[in-house]
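A short write-up of the structure that comes next.
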Amino acid sequence: MMITRIFVAISLLFLMQCQNDDTEFDNTPVDDTSLVGEWLLTESYVSPGGAAEWQDVDEGYRYIFDEFGNYERTNFDKETLNTGSYEIIAPELYLYFITEGEKDTLGFTADFNSSKTSLTLSPSYPGICIEGCLYRFMKR
């Protein structure tokens, strides 16, 4: 009986620790026309396995999406880091690019805020964040 109580108590503590109510996506699906434009990384939420908070990002990188399905990622000073194409298969955003002569893919779960001025991304392919990693971009 005592072992059962200890197990239940530990399980409840584990569940409470993993709860991330303040990190929910904004719940407005990403669409092609609203994604077009320049997006600057302004906040990140990365949990190494415990509680975390949104952190401001100084001099974040940028994504620039065009209406033809192409994107460019730049540093804060707008120097190109990589380019490629993108595709939206709701609720995911896929970026396709060339690395060492091979086509590569990154996938993100993506949502806008209701006014579509904030974009939240969380890696979903090829790796995912178990404890939570979110990146918030503001439209410029």
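Hydrophobic side-chain contacts under 4.5 Å tie Leu40 into a cluster, directly or through other members, with Phe76.
In this structure, the side chain of Ser124 engages the main chain of Gly107 through a donor-acceptor pair within 3.5 Å. Side-chain atoms of Lys139 come within 3.5 Å of backbone atoms of Val36 as a donor-acceptor pair (strictly under, hydrogens ignored).
Distance check: Leu35 CG to Ile88 CD1 gives 5.0 Å after rounding to the nearest 0.5 Å. In this structure, Thr105 OG1 and Tyr96 OH are separated by 5.5 Å, a value rounded to the nearest 0.5 Å. To the nearest 0.5 Å, atoms CZ (Phe65) and CG (Asp32) are separated by 10.5 Å. Between the CZ atom of Arg62 and the CH2 atom of Trp39 there is a distance of 13.5 Å, given to the nearest 0.5 Å.
Residues passing the side-chain hydrogen bond (donor to acceptor under 3.5 Å, both in side chains) test with Tyr94, sequence neighbours excluded: Glu92. In this structure, Tyr125 has no side-chain hydrogen bond (donor to acceptor under 3.5 Å, both in side chains) partners at least two apart in sequence or on a different chain. The side-chain hydrogen bond (donor to acceptor under 3.5 Å, both in side chains) check on Ser115 picks up Asn113, Thr117, with sequence neighbours excluded.
Every pair passing salt bridge (charged side-chain N to carboxylate O under 4.0 Å, His left out) that includes a residue from residues 112-129 is listed here, sequence neighbours excluded: Asp31-Lys116. Among pairs with a residue in residues 68-78, those fulfilling side chain to side chain donor-acceptor pair (under 3.5 Å) read Asp66-Asn70, Tyr71-Asn82, Glu72-Thr80, Arg73-Asn82, Asn75-Glu79, at least two apart in sequence or across chains.
Side-chain atoms of Thr83 and Phe97, non-hydrogen and from C-beta on, never get closer than 4.5 Å to each other.
Cluster membership check: Leu121 does not share its hydrophobic cluster with Met138, using side-chain heavy-atom separations under 4.5 Å among Ile, Leu, Val, Met, Phe, Trp and Tyr.
Counting non-hydrogen atoms of other residues, nucleotides and ligands closer than 6.0 Å to CD of Glu102 gives a total of 12 or fewer.
Of the charged side-chain nitrogens involved, none lies within less than 4.0 Å of a carboxylate oxygen, so that Glu38 and Arg140 do not count as a salt-bridged pair.
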